[in-house]
Visitor: 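Quick one: structure below, then a few questions.
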2 protein chains.
Amino acid sequence: MGQGLGQIDDVRQPDAEQSGQPVSGQPAEPVPNRATELVRLLKLTERREPAVIEVATWVGLGIIEGRLRPGEDLNSVELSHRFNSSRTPVREALMLLEQEGLVEIRARRRPRVAAFTPQRVREIYYVRGHLLGLVGQLVAEHASDDDLADLRERLGEMQERADAGDIDGYFWRHVALQERMTDIGGNETLKGILDSLALRTLILRHASLAQPGRLRASVADQVRIIEAIEQRDGELAAMLLLRATHAALAAIEAGGWSERSASDENG
Amino acid sequence: MGQGLGQIDDVRQPDAEQSGQPVSGQPAEPVPNRATELVRLLKLTERREPAVIEVATWVGLGIIEGRLRPGEDLNSVELSHRFNSSRTPVREALMLLEQEGLVEIRARRRPRVAAFTPQRVREIYYVRGHLLGLVGQLVAEHASDDDLADLRERLGEMQERADAGDIDGYFWRHVALQERMTDIGGNETLKGILDSLALRTLILRHASLAQPGRLRASVADQVRIIEAIEQRDGELAAMLLLRATHAALAAIEAGGWSERSASDENG
DNA sequence: CTGGACTGTACTGTCGACACTAAGCTGCGT
DNA sequence: ACGCAGCTTAGTGTCGACAGTACAGTCCAG
C-alpha cells in the first residue's frame, strides 16, 4: 500500500497550502499559478463537481511536477481515502486525465501515470509546432491593439522572471501566454487541441527550461514571435513558433531525457 | 420520459442486429461497417468494459446518424434501463463521448447531444484540413509499397460504391481510408487528434456526401490524393488534402446546414 | 536453486440507495 | 391573461457494498 502513492503520505489535505494561495473559493486573480493554469487547461471549471476538480488537479499537478512518476500506480481506493470521498469522483478525475494523456487506463487494470516514449514526445512536438504555427497566423490576423498590449505586458513579466532566474514563474507565465494566444486566435477547436498537447508536454517543458541557457533562448524566441505578430506577419510568426517548438524539443532531447526514459519505458 | 429518447423506444436490444453483423464476439473482418469504425475511432477496444462500449457505440452512432438530435437530453437513467445496467457505465460512456465532442456535460445538468455552431464547424475543418495535410506528407514519405497497394485497393472499392450510389458504403469506407492513412503516417498523436475531429464531423460529412454530385467530386479528390502519394509528392498531397477538406466544408455550407442549425443552436 | 501452479489479497467494475438540485407545473397575485 | 413563487418530480452526483479479476507471494516439483 505504501508502494503507490506512499512518498507523499504525510500530506493530509493534499491541495490546500500547496501553491501558497488558498484553493477554496474562486481565485479570481489573473496571476498564473500552477493550480489555476492546470484547472484552465483541463477545462474543469463549470464542467465538473468540486470533488472531481480537486482530485484531478492534485493528480495532474503531481504528474506534471514529477511528484508522481511515470508508470506509477494510481490506486483509486487510496486516492479516495486521501480525499475523503468515494471512488466514483476519483474514477471520473482519472478518466479526465486519461483523455488528456496524463494517465493510462486499461480495463480491469490499475490506472497508471502515463509514460512517454521518446518517439511519442517527438510526435507531440511535431504536431504542436505546426498547430502553434496556425495559431500564430491567426493571432497576427485577429489580434486587436489591446491584445497586442496584453501580449507585450506578459512578455515583459516573463523577461523579468527569466532575468531573476525564476524558472517556475517563467514557466507558468509561458504556459499562460500561449493560452492567451490561442484565445486571441479565436479558434476554440484549435485551442482545445493545443491545451491537450500542452498538458502532455508540461512535464518536459519544465525540465527543458531548467537547462542552462535554455531560459534565455526561450525568452529570445518569444520576443521574436511577438514582434512578428505586432508586424502582422503571420507567416513569419508561424515559422518562428514552429522553430521555437523544435528548439524546445531539441533542448529536451539534449537534456538526456530520452535516454533516461527509454530504459524505463517498458518497465 | 418519452421526451428524451422516446423516438426509438421500440428497440429493446439496441445494438444487436443494427448493422447486419452480430456485435457479440470480435468482428475480425476488415469490412468497415458503422459500429466497428466507431469503436475504432473511439479507441474503445481494450480500454473499456463491454457495457461501456455498448452504450458509447449506440449513443455515438445515434448522434452521428441523426437518430439523436443536437440538444437532445441524454438521460442516464433511461439509458441504463435501456441497456439493463446501472448508471455507472452509462455515465462513463457519456464522458467518453463528451471528450470526443459528441456530448455536452455540465455539472448537475443533463448531458445533451452536442450542437455545433457553424462557426465551430468551420474551425474544425480549418484545423482538420491542415492536420490532414501533415498526414499526407507523412504518408507520402513513409508508405511502403504494400501500403500503397492497400490504399489503391480501398480507393477501388470506394469507386465501386460511389458508382453504385451507395452513400453509406462509400462514407464508411472513406472514414476507414483516412484512418488507414493516419496509421501509415505513423504519428499516433496526430492520428488521435484527427480521429477525434473525425468523430465530430461524421454527422456533417454524411450529410455532405448526400448532396448531388458531391459523391463524384469526393471520389475525384481521393484519386488525386492517392496519386500524389504514389508519386511521393508530399507537398502536393498535403495541398490536395487541404483543398478536399475545404471542398467538403463548402459542400456542407452550401447544403444549408448552417442556416438550419443556426436557428436551433440556442434552443 | 529455479520454474510453475496455487492461493490470498487487494483493487476494479458495477450496482442500488440516498441526498441534493434543476426543471417543469400549479396556482396565486396582479 | 400574464408573470412569478412555491411545489413536485425527475435526474444527477455520491456513497458503501458486492462480485469478479489481476497481481504478488507461497509452496511444491524438478
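If you're wondering where the values come from, they're calculated on a predicted model, not measured in any experiment. We name chains A, B, ... by the order of the sequence lines, and we start the count at 1 in each one.
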Visitor: Just how far, in rounded Å, is P of C/dG13 from CZ of B/R48?
Guide: 8 Å
Visitor: Could you please name the option among D/dG13, C/dG16, D/dC15 that lies closest to any side-chain atom of B/S86?
Guide: C/dG16
Visitor: With the threshold set at 4.0 Å, does a side-chain nitrogen-carboxylate oxygen contact exist between A/E188 and B/R200?
Guide: no
Visitor: Would B/R40 and B/D195 pass as an ion pair if we require N to O under 4.0 Å?
Guide: no
Visitor: Give me the atom names and distance for the closest heavy-atom approach of A/I167 to A/A210.
Guide: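 It is CD1-CA, 3.6 Å.
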Visitor: What's the CZ-P distance between B/F83 and C/dG13, to the nearest Å?
Guide: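 Atom-to-atom, B/F83 to C/dG13, this comes out as 19 Å.
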Visitor: Check whether any side-chain heavy atom of B/T36 lies under 4.5 Å from a side-chain heavy atom of B/V39, and answer yes or no.
Guide: no
Visitor: When you measure from the side chain of A/N75, which nucleotide among C/dC20, D/dC15, C/dC11 comes out closest?
Guide: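 So the nucleotide nearest the side chain must be C/dC11.
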Visitor: How long is the line joining NE2 of A/H81 and P of D/dC15, in whole Å?
Guide: 11 Å
Visitor: If I take atom CZ in residue B/R112 and atom P in nucleotide C/dA22, what distance separates them, rounded to the nearest angstrom?
Guide: 15 Å
Visitor: Using atom types as modelled and distance alone, determine if a side-chain donor or acceptor of A/E123 lies under 3.5 Å from a backbone N or O of B/T189.
Guide: yes
Visitor: For DNA chain D, find the residues of residues 87-103 of chain A with a heavy-atom distance under 4.0 Å and give them by number; none if there aren't any.
Guide: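 Hits under 4.0 Å, by residue number: A/R87, A/T88, A/P89.
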Visitor: Under 4.0 Å between a side-chain N or O of A/S76 and OP1 or OP2 of C/dC11?
Guide: no
Visitor: Looking across every strand, which nucleic acid part, if any, lies under 4.0 Å from A/P111 by heavy atom: base, sugar-phosphate, or nothing?
Guide: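 Sugar-phosphate only.
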Visitor: Salt bridge check, A/E104 against A/R109: does any charged N sit closer than 4.0 Å to a carboxylate O?
Guide: no
Visitor: Find the distance A/I105:CD1 to C/dT12:P and express it as a whole number of Å.
Guide: 10 Å
Visitor: Side chain of A/R110, heavy atoms from C-beta onward: which of C/dC11, D/dC15, D/dT12 has the nearest atom to it?
Guide: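 Comparing C/dC11, D/dC15, D/dT12 against the side chain of A/R110, the answer is C/dC11.
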Visitor: Do B/S76 and B/R87 have a side chain donor and acceptor closer than 3.5 Å?
Guide: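 A pair is found: one side chain offers a donor N or O, the other an acceptor, under 3.5 Å apart.
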Visitor: Could you check how far CG of B/L74 sits from C1' of D/dT12, rounded to whole Å?
Guide: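 Those two atoms, CG and C1', are 14 Å apart.
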Visitor: Between atom CG in A/D73 and atom C1' in C/dC11, what is the gap in whole Å?
Guide: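 Value for this atom pair: 10 Å.
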Visitor: Roughly how many Å is it from CD in A/E49 to C1' in C/dC20, rounded to a whole number?
Guide: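 My rounded result for the distance is 10 Å.
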Visitor: A/A107 or B/R109: which one's nearest nucleotide on DNA chain C is closer to the 5' end?
Guide: A/A107
